[in-house]
Engineer: 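I'd like to ask some things about the structure below.
Residue numbers begin at 1 in each chain, while the letters A, B, ... track the order of the sequences. Because the structure is a prediction, the values reported are computed rather than measured.
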Amino acid sequence: MINFLFTFSTLIHMDFREIEEKWQKRWEESGIFQADPDNREKFFITIPYPYLNGNLHAGHTRTFTIGDAVARYKRMLGYNVLFPMGFHVTGTPIIGLAELIQKRDERTIRVYTQYHNVPEDVLLTLTTPERIVEYFSKEAERAMRMIGYSIDWRRKFTTMDECYQKFIEWQYWRLKEKGLIVKGSHPVRFCPNDNNPVEDHDLLMGEEATIVEYTVIKFKSEDGVIFPCATLRPETVFGVTNIWLKPTKYVLAKVNGEMWIVSFEAFEKLKYFDKKVEKLGEIDAKEYFGRFVENPVTKEKVPILPAEFVDTDNATGVVMSVPAHAPYDYVALKQLAKDEETLKKYGIDRKLVESLKPIVLIKIEDEDYEVPANEIVEVMGISDQKDEALEKATKIIYKKEYHKGVMLENTFFPNIPVAEAKDKVHDYLIKNNLGDVFYEFSEKPVVCRCGTKCVVKVVKDQWFINYSNEEWKRKVLEHLERMTIIPDYYKKEFRNKIEWLKDKACARRKGLGTRIPWDKEWLIESLSDSTIYMSYYVIAKFVNSGKLKPENLVPEFFDYVFLSKGSVEEVAKKSGLSKEVIEEVKREFEYWYPVDLRSSGKDLVANHLLFFLFHHVALFPEKYWPKAIAVNGYVSLEGQKMSKSKGPLLTMKKAVEEFGADVTRLYILHAAEYDSDADWRRKDVEGLANNLRRFYEIVKENYFKEPKEVTTLDKWLISRMQKAIKETRDAMEKLQTRRAVNAAFFELMNDVRWYLRRGGRNLVLILDDWIKLLAPFAPHICEELWSLKHDSFVSLERYPEYDESKVDEKAEVAENYIRTLLRDISEIMKFVKDAKEVYIAVAEDWKREVAKIAKQTGNMKEAMKVIMSDERFKDLKKEIPSFVKRLFKEGFDFYEIDERKVISEAIEFFEKELRVKVYLDESKVPEEKRKAAMPGKPAIYVV
RNA sequence: GCGGGGGUUGCCGAGCCAGGAAAAGGCGCAGGGCUUAAGACCCUGUCCCGUAGGGGUCCGCGGGUUCAAAUCCCGCCCCCCGCACCA
C-alpha cells in the first residue's frame, strides 16, 4: 500500500524538468554530441544562428527543434552528425537596443522585462552592445541546453570575434578578386535628422511605403530651361499634348549644370539624390503659362498650362499631359477649355486649348474604343479634375494597358507590348540624356521614430555584391536543380528569386561587424557576413581550443584549408602555425563539408538562403556546395503574431520551464508541417503533456513484465509497430516532423489503447522500439525509460528498422474486423431496449467470389464494372461497393481470414464490452438478415 | 501588379499529386465509467433524420468529365506571405 501510494503520487507529480536536467547533465558529461571526424559517414546540419537582440522565442524553437530532431534521427541511423551553433551580432539592432536601454525607453523596458523575461535590474545594466551580446548569448545557450539540443558546443562563436572577422575579411578579398564586388549607388529611406538610413522598425508611419522610381522627361523651353516631367508611364511620351504646372511658385534650380524648374518640395528632395543642386531663384508658374516647350522625343512643341490637380509634393511637381490615356489630363483639359476665368487670368487663348486633341498611342486587342480616357471618364461620370474617382480611373486604364496594350504606329515601338515599351522608352531617355529618374515614396508620409519626415536618399559610391552577374546566377540556378529543397515547391520559389535578385549593397556606416578590408570606413552589412559561416564551425573548434589565434588566420590559411590553394609549407610560414595543425584543420573541413542540410525559417528564403547559395557557388569548389535546404513556417501565440519588439512573445526558456523540454519539442514538431504556420495554444500543450505522461506511465507499468506466449493480438501490435516505424522513417526522410510525431506517438498511442482494451498483456514486446522511435522527438523521457533496462544512451542507439517479416496483414485485418463488428453491434444495440443476447452469422462462402473477381481485375474501377454486371450479386448492390473498397484498401488478405475463428476468439471481449451474451450461431439469425451479410460484415441479430 | 502558398466537418489540421467511407489525428463540447471528490485515465457521441448496422446533405462559389469528385478540367471569389539592402 505504501508502495502504491508512492508510485501514485510520483506519477501525478512526475516532474519532466527533473528528468530532463538529469539527462542534459549526462549528455554534457559524456560529450556524446561532440562530433569529430571518424570513419563513419558524416551528416552536417546547420540552422541559421540567432540574432542576439533578445531571447530565443517560439519561432526559434520551431526551427531549431526541427534541426535537432533531424540531427538526432540521423545520428540514430548511424551517421556522424555535426550540429553546431553560433551567434549573430552584426548590424544595427543591438546598438539600437543598447541606446534604448541607456535612455530607459519605457516601451523597451516593458517589452524586455515582460516578454523577454529579463529581470529589470539586469536589463538596466545592458547599456552597451557588448553587454547585450554577452547576456543574450549566455541566455540563448542556456535555453538551448534546457531544451536538450544535441549541439556540439565546442564550436560556438559570435560574429564579432576577432577570428571570425579574419574569416570575413578573407571572404571579401576573394569576392573582390573575382570581380563580384562593385561600386554603385542606390536609393534608401533616409532620416535627415538622424542622418541615417531608416529600417522598418525605426518608422512611426509609412512602414508599407516602397521607393518608386519615376521617369523624368526633360521638356525644354526655347530659352533652354528644362521642365522635368515626372511620370510612371514614359511610353506615353508620344501622346503628350501639353504639360501642367500648378498655378503657384516654383524653384529655378541648377541641377548637374542644367536649369530645372521644379516644385519647392521637389527641390528639397533633389538635394538627396547625389546631384549637384543649387537654387537660383523662385519663379511663378503663371509666367510660363501659354509658352511652349519641346517634347524631347517627338520634338513637338507643346504649351504649358495650369492645372490644380498637380501635386507639388509628388516627384518634380511638373507633369506631362497625355489626355488620350490619362483621365486626369483629359478632364483637366476639358475643364480648362471651359474655364473662361482661368484662361483670362493667365492670358491663354482658348483656341489653343481646344486645339489640343488626344493622341491615342496604345491599342488593346479585342477592344475597340477611340480615346480610353474619354470613355472611362464618361462611364464613371467624372468632370472635375479634383474628383477622387480619377485615381481609380487611372488605375483601371493603367492596368489594362500595361498588361494587354500594344504600342501603335505613331510611336518608336509599334506592336511592342506596353510593358516592354515602357522600359525601352525609359532606357532611351536616360541613354540620350533626355531623361532622368526621380525617387518617391509610394505612400506618404513616411515618418521616422524621431518625428522627422523621411526622404529618399541616393547613397553613392557604395560597395555592392554583384548578384545580377549572369554567369554567377546561371551557376547558382544549375546547382539549385541538383539540390534537395524541402518542401519541393520552394525550388520554384528559389528559381524565381535567384532570377530576380539584383546587386545588393553590402556595406553600411553604422553597426557592429567587420570592416571592408580595403575600405575601412565601411562595415560589412549583416546579411552579407553570414553567407558561408558554416565552414567557420570547423575553424571555431580550433579557435576555442586555443590552437588557432587571430594572427594565424591569414588569407593564405583559408585559401589552403577551404580551397586547397598554395602549399602547406608556405602557409605554415605565413600563418605561424605548424604544418600539422594546418593539415588537421584542412582534413576536418574536408570531412564535414559540404553542408548536408540547412534548415531555416521561411523568412530567410528571399535573402539569407539565396546569399548562402550564391557565396558558396562563388567561393568554393563544386563538391562543397550545399546539398539541401529545408524551410519551415512561423509560430503564433494563441492565434496572435509574435513580435520581438512589441510582444507578445514566448521565450524558449519560459516554454521549457513551464511545460518541460520534451512537451515543448513534441508540441512544436507536431503543431504544423513544413512552411505552414504553427499556433502555440496553451490548452493543446497541456493536453500533450498529459499524453506524454501517459506514455511514461504505460511504459513503466509494462517494461518489466515477463513476455508471455505471443497471441494474434500481439502479432497485430507488432505489425502496427512496424507500420509506425516505416511511417516515421519515411516522414523523417522528408522532414515531415508533424507526420513523424503523429505516427510515432499519437497513432501508436491509439493502437496501444486498443491493445490494452482488448486485454493485451505483452506490451513489453514493442517498448524498446517505441522508446527508440520517439527518442529524436522527446529525448529526455526516452533516455530515462531506456535507462531502466539498459546501460547505453538511447540517443546513440540504432533507430528501429522496418522489418517486413513482422508485418502481419491477417492479424491487422482480423483486428479491424473485430473493431468494425463491435461498432456495428453497439450501433444496433442503440435501437434495442434491454438487449440480452447477440447472434452473429458470417456470410455464405459463395459471396467470396466478389473478392476473387476484384483480385483478378486488380483495380477498383474494373472490378466494380464486372461485379455490378454479375446477375448473382444484383441483390447486394448496396453492400458491394463498400466491401470492394475495403478490399482495395486493406488488401486481399481481407477475405481470406477465418471469420468464424476470429469471432470465436473475440466473444469474451465482445461480452465484456457490450455486457450481453454473444453467440456465433447462424441458425438464430433470421433469413433476411443473413442474406445481406458480406464477407467481413457478418449478419447481426440482437434480442 | 509580379511571384509563392492556401480556402475541408465548432476550432486546429490530414486527405487532393496516384478519383471510390461524413472524411485521420489533436483540441473543444456532451454523456457514461473510475473516484469520497477534483484532476488524470478509459469508453461513447459530437452535420441532419432514423426504435437494426440505414438514409440524406457536405469539403470557398459556379460549371464540366466520370458508374463514382474534397480529389481531375474550366471560370469566378476570397485569404496569407515575399518584393530587399533589414535581421
Engineer: Between A:Tyr467 and A:Glu673, who's closer to the 5' end of RNA chain B by nearest nucleotide?
Structural biologist: A:Glu673
Engineer: Grab the N/O contacts between the protein and nucleotides 78-80 of chain B below 3.5 Å, and write none if there aren't any.
Structural biologist:
none

Engineer: Kindly say if A:Arg739 contacts the phosphate of B:G13, meaning a side-chain N or O under 4.0 Å from OP1 or OP2.
Structural biologist: no
Engineer: Less than 3.5 Å apart, any donor N or O on the side chain of A:Asn466 or A:Ser468 sitting next to an acceptor on the other?
Structural biologist: yes
Engineer: For a quick check under 3.5 Å, do A:Arg694 and A:Asn691 share a side-chain donor-acceptor pair by atom type?
Structural biologist: no
Engineer: List every contact pair, protein side and nucleotides 44-52 of chain B side both N or O, where the distance is under 3.5 Å.
Structural biologist:
residue	atom	partner	partner atom	Å
B:U44	OP1	A:Arg757	NH1	3.3
B:U51	O2'	A:Phe831	O	3.0
B:A52	N6	A:Val942	O	2.6
B:A52	N1	A:Val942	N	2.8

Engineer: Counting any heavy atom closer than 4.0 Å, what does A:Lys492 reach on the DNA or RNA strands: base, sugar-phosphate only, or nothing?
Structural biologist: sugar-phosphate
Engineer: Looking at B:G20, which nucleotide sits across from it as a Watson-Crick or G-U wobble partner, both distances under 3.5 angstrom, or is there none?
Structural biologist: B:C67
Engineer: B:C85 P sits how many Å from A:Leu610 CG, rounded?
Structural biologist: 15 Å
Engineer: Just name whichever nucleotide pairs with B:G1, Watson-Crick or G-U, keeping both distances under 3.5 Å, else none.
Structural biologist: B:C83
Engineer: Could you say whether A:His186 or A:Ala671 is positioned toward the 5' end of RNA chain B, judged by the nucleotide with the nearest heavy atom to each?
Structural biologist: A:Ala671
Engineer: Quick one: label A:Asp503 by what it contacts on the DNA or RNA (base, sugar-phosphate, nothing), any heavy atom closer than 4.0 Å.
Structural biologist: base
Engineer: Starting at OH of A:Tyr398 and ending at P of B:C2, how long is that distance when rounded to a whole Å?
Structural biologist: 11 Å
Engineer: Summarise how protein sits on nucleotides 25-32 of chain B as a single string, 5' to 3': B when a protein heavy atom is under 4.0 Å from the base, S for sugar-phosphate-only contact, - for no contact.
Structural biologist: BSS-----
Engineer: Does NZ belonging to A:Lys183 count more than 12 external heavy atoms closer than 6.0 Å?
Structural biologist: yes
Engineer: Look at all strands and tell whether A:Pro938 reaches a base, only sugar-phosphate, or nothing, counting heavy atoms closer than 4.0 Å.
Structural biologist: base
Engineer: Using a cut-off of 4.0 Å on non-hydrogen atoms, how would the nucleic acid contact of A:Ala505 be classed: base, sugar-phosphate, or nothing?
Structural biologist: base
Engineer: What I want to find out is whether A:Arg693 reaches A:Glu697 closely enough, with some N-O distance under 4.0 Å, to be called a salt bridge.
Structural biologist: no
Engineer: What is the distance from CZ of A:Phe464 to P of B:C85, rounded to the nearest Å?
Structural biologist: 11 Å
Engineer: NA contact type, A:Thr90, heavy-atom cut-off 4.0 Å: base, sugar-phosphate, or nothing?
Structural biologist: sugar-phosphate
Engineer: Nearest to the A:Asp824 side chain among B:G53, B:G5, B:G82, which nucleotide is it?
Structural biologist: B:G53
Engineer: Return the pairing partner of B:C34 with a 3.5 Å limit on both distances, Watson-Crick or G-U wobble; otherwise return none.
Structural biologist: none
Engineer: Just verifying a value: how many Å separate A:Lys602 NZ and A:Tyr490 OH, rounded to the nearest 0.5 Å?
Structural biologist: 5.5 Å
Engineer: Rounded to whole angstrom units, what separation is found between the CG atom of A:Leu669 and the C1' atom of B:G13?
Structural biologist: 16 Å
Engineer: Between A:Lys602 (NZ) and B:G6 (P), how many Å, whole number?
Structural biologist: 11 Å
Engineer: Calculate the interatomic distance between A:Arg682 atom CZ and B:C11 atom C1'; express it in whole Å.
Structural biologist: 19 Å
